[in-house]
Amino acid sequence: MSSVPASKSQDQPRGTVWLCLLLLLLPICVSATSPSTNPGIKAWLTRRTLEFGRSFGLELLQSMLQKEHELNLTGSYNTPLLGTLTYTVPRIHIHELQMNESTLDFAEDVGVRLMVQRARIQLSADWAAQLGAIQDSGSVQLRMQDLAVAAVLGVSEDGSGHPTVWNAGCDTRGTDLHMEFHRGYSWLYNLLAPLLQRTLRQQLNKELCLVLQRGIDRLDAVLKHMKVSTQLDTFAAIDHSLLGPPAFTDEYGDFALKGEIFRVGSYQQRPSALPVGLPVALPMALPVALPTPLPMTLPTAHEPMLLLAVTELVANSAAFTYFTAGALHRTFSSDMLPRRFPLQLRTKSMEVFSPQLQERYPDQPMELHLWARQQPLLSCHPDALHGTLFSSAEAFVVLPNATRVPAFLLNIDANVTGKPTITRNRLGGTVRLTGLHVTQVASNVGPVEVKRLETVLKFGLWLFGVPQANKWLRAGIPLPLPHGLSLLRPQLSLQQGFVLIATDLQYDP
């Protein structure tokens with residue numbers, strides 16, 4: 001309940017942080033598992049996550065309550081000597097709310113539970129009263145000690161992938177109420193204050209839960225209109241909708257996201273693949289041995305706030321999308337390669353692989369059109385990420401009149417391995433070429449010595465291509481986290497079929 005913003009303009013960033021902690025809608029964690037039954041990502045929030053977010057939740061709760069609220073309190077009292085006293089209190093203003101003792105825990109099968117003990121609240125209200133023929137008005141100040149609040153926020157899924165929340169229970173109790181009237185016949189009403197305190201205390205307890213209910217309703221309305229997909233670029237978007245209701249135990253919250261990368265403008269289902277099984281739930285305590293196929297030991301020495309298991313189908317989903325969109329295509333001209341690269345795109349440089357090429361087109365520039373002829377395949381293993389790239393390359397001779405004449409067509413397949421790294425809010429890694437195979441498909445300039453060409457390409461990629469790729473990969477890319485939220489001491493481990501990230505969280509407003 002504490003994630004409800006008090007106002008759209010001021011409290012929405014903090015509310016976003018709290019929602020991310022509760023609902024774990026991290027857009028970087030996507031996959032292409034079967035959308036009907038198998039999540040692309042499994043995520044677990046531990047009790048340390050709730051402890052981390054408790055202060056933000058209480059801060060939001062205080063900002064929500066510390067404002068003017070409609071009360072519309074009316075009542076009357078019969079006094080033996082003075083007659084009937086009728087009063088109205090249209091609204092209240094909460095000036096101070098102190099949460100001295102509070103806990104935030106998981107509510108099994110429901111969501112999260114907030115418990116507050118020994119809280120203090122101070123408020124003021126305008127009033128109007130009539131005693132017989134006498135009408136009067138003024139203000140009153142109230143202080144309530146030993147206020148206790150117990151509230152449960154239910155979290156589920158609405159059937160369309162949107163999270164939904166509801167008030168699963170609320171109870172507030174305050175025993176020590178002090179009130180003091182000002183203006184008008186305040187001296188008289190202060191004498192009657194002990195008679196009013198019980199009713200006002202009951203009404204105030206009820207009103208606090210009504211305020212929470214209104215806030216939860218506002219939050220649910222926002223969630224119903226929340227985007228469940230995000231466009232990455234002109235080709236691809238991510239579906240990060242929930243696959244079903246989150247599962248809650250007393251120890252953790254278990255979330256499953258659809259997480260499929262799809263082509264913008266057309267949701268084309270990728271070919272079916274054997275899904276990577278992920279456990280339905282984590283054990284009751286961490287760190288302990290996790291169910292297969294999760295690793296037998298966690299990569300941290302203490303219980304992390306957040307555990308994230310992302311399957312190898314994440315990359316394969318993106319590969320399928322970009323492949324079917326025709327985005328895996330690149331053209332290289334003679335001036336794009338480093339001068340020290342052992343293979344230059346000129347007919348004179350290619351003479352050693354195709355003598356007829358130089359004979360027909362002496363010392364002419366060339367172009368190389370490179371594209372994926374089928375979807376790249378990637379898999380995750382405990383030692384590294386393994387990838388197989390299937391590409392075709394067609395070489396053209398560029399004549400002086402800018403005409404491009406096809407020379408030969410090759411298939412170039414490569415095996416690569418990589419190791420991802422994560423540092424604070426940046427995801428990086430390294431890559432290594434482990435195999436390259438070149439075959440001739442067609443040629444208009446006679447046979448091409450593909451084995452010699454293959455050797456030169458391997459050397460050139462090892463000397464220039466791979467170092468340049470690693471330079472970019474080591475720098476990493478920033479993760480799209482809410483403002484002020486950072487990953488603290490994240491650790492990444494490779495498992496059979498998925499990557500596991502264990503991390504703490506830090507918030508710097």
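Scope of the values below: all heavy atoms of this structure, side chains included, with no hydrogens, waters or symmetry mates. Numbers here simply count residues along the sequence, with the first being 1.
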Roughly how far, to the nearest 0.5 Å, is NZ of Lys451 from CD of Glu449?
12.5 Å

Applying side-chain hydrogen bond (donor to acceptor under 3.5 Å, both in side chains), run through Ser349 and Glu351 and close with a yes or a no.
CA-CA 6 Å; Ser349 177; Glu351 180 180 14; over 6 Å; no

Which atom pair, heavy atoms only, marks the closest approach of Asn425 to Leu487?
OD1-N, 2.8 Å

Say you draw a straight line from OG of Ser486 to CG of Leu505; how long is it, rounded to the nearest 0.5 Å?
9.0 Å

Just verifying a value: how many Å separate Asn167 CG and Ile216 CD1, rounded to the nearest 0.5 Å?
4.0 Å

State whether the side chain of Gln364 and the backbone N or O of Leu399 hold a donor-acceptor pair below 3.5 Å, judged by distance alone.
no

Nearest heavy-atom contact between His240 and Leu257 is O-CD2, 4.2 Å

To the nearest 0.5 Å, what is the distance between OG1 on Thr46 and CD on Glu251?
9.5 Å

Does any non-hydrogen side-chain atom of Phe353 lie less than 4.5 Å from one of Val456?
yes

Answer whether the closest heavy-atom distance between the side chains of Leu345 and Phe332 falls below 4.5 Å.
yes

Student check: side-chain heavy atoms of Glu157 and Pro163 closer than 4.5 Å:
no

Closest non-hydrogen contact found for Ala372 with Phe323 is O-CE1, 3.2 Å

Are Leu494 and Pro420 close enough that some pair of their side-chain heavy atoms sits under 4.5 Å apart?
yes

Okay, side chain of Arg426, backbone of Gly476: is any donor-acceptor separation there less than 3.5 Å?
yes

Evaluation steps, side-chain hydrogen bond (donor to acceptor under 3.5 Å, both in side chains), between Thr434 and Asn415:
CA-CA 5 Å; Thr434 58; Asn415 292 324; 5.1 Å; no

Considering only heavy atoms from C-beta outward, does the side chain of Glu394 approach that of Pro406 to under 4.5 Å?
yes

Looking at Ala319 and Leu328, what are the two nearest heavy atoms and their distance?
O-CD1, 4.3 Å

Keeping Arg346 on the side-chain end and Met366 on the backbone end, is there a donor-acceptor pair under 3.5 Å?
no

Could you please spell out the steps behind the side chain to side chain contact (heavy atoms under 4.5 Å, CB included) verdict for Leu306 and Trp44?
CA-CA 6 Å; Leu306 172 64; Trp44 300 270; over 6 Å; no

CA sep, side-chain torsions, deciding dist, call: Glu454, Phe459, side chain to side chain contact (heavy atoms under 4.5 Å, CB included):
CA-CA 9 Å; Glu454 182 180 288; Phe459 179 73; over 6 Å; no

Strictly by modelled atom types, are Ser493 and Gln495 linked by a side-chain donor-acceptor pair under 3.5 Å?
yes

Which atom names give the shortest non-hydrogen contact between Leu410 and Leu453, and what distance separates them?
CD1-CD2, 3.5 Å

Under 3.5 Å, is there a donor-acceptor pair between the side chain of Asp220 and the main chain of Thr164?
no

Between Ser379 and His381, is a side-chain hydrogen bond (donor to acceptor under 3.5 Å, both in side chains) present by the stated rule, with each step listed?
CA-CA 7 Å; Ser379 59; His381 302 270; 3.0 Å; yes

Please tell me if the side chains of Leu500 and Leu307 come closer than 4.5 Å, counting only heavy atoms from C-beta onward.
yes

Whether Thr249 side chain and Tyr252 backbone form a donor-acceptor pair below 3.5 Å
yes

Please evaluate residues Asp239 and Lys227 with respect to the criterion salt bridge (Lys or Arg N to Asp or Glu O under 4.0 Å), reporting the C-alpha separation (whole Å), side-chain torsions for both, the decisive distance (0.1 Å), and the verdict.
CA-CA 9 Å; Asp239 184 339; Lys227 286 185 176 181; over 6 Å; no

Parallel under 30°, tilted from 30 to 60°, perpendicular over 60°: which one fits the rings of Phe248 and Phe106?
tilted

Is the backbone N or O of Gly161 less than 3.5 Å from a side-chain atom of Ser241, with the two atoms forming a donor-acceptor pair by type?
no

Side chain to side chain contact (heavy atoms under 4.5 Å, CB included) partner of Val416, the single match among Thr388, Val431, Leu385:
Val431

Checking Arg373 side chain against Ser391 main chain: does a donor-acceptor pair fall under 3.5 Å?
yes

Do the side chains of Thr430 and Arg474 get nearer than 4.5 Å, heavy atoms only?
yes

What are the two closest non-hydrogen atoms of Gln231 and Asp233, and how far apart are they?
NE2-O, 2.9 Å

Enter the distance from Ser317:OG to Glu260:CD here, rounded to the nearest 0.5 Å.
5.0 Å

Using modelled atom types and a 3.5 Å cut-off, is there a donor and acceptor pairing between side-chain atoms of Asp504 and backbone atoms of Met305?
yes

Side-chain donor/acceptor of Gln506 to backbone N/O of Leu488, under 3.5 Å:
no

How about Val264 and Phe235: do any of their side-chain heavy atoms sit closer than 4.5 Å?
no

Step-by-step side chain to side chain contact (heavy atoms under 4.5 Å, CB included) determination, Leu492 to Thr421:
CA-CA 7 Å; Leu492 183 149; Thr421 59; over 6 Å; no

Picking from Arg48, Arg47, Arg113, what satisfies salt bridge (charged side-chain N to carboxylate O under 4.0 Å, His left out) with Asp105?
Arg47

For the side chain of Thr321 and the backbone of Ile261, is there at least one donor-acceptor N/O pair under 3.5 Å apart?
yes

Apply side chain to side chain contact (heavy atoms under 4.5 Å, CB included) to Leu436 and Ile412, showing your working.
CA-CA 7 Å; Leu436 188 72; Ile412 304 176; 3.7 Å; yes

Using the six-membered ring wherever Trp is involved, compare the ring planes of His369 and His329 and label them parallel, tilted or perpendicular (cut-offs 30° and 60°).
perpendicular

If I take atom OG1 from residue Thr347 and atom CD from residue Glu359, how far apart are they, to the nearest 0.5 angstrom?
11.0 Å

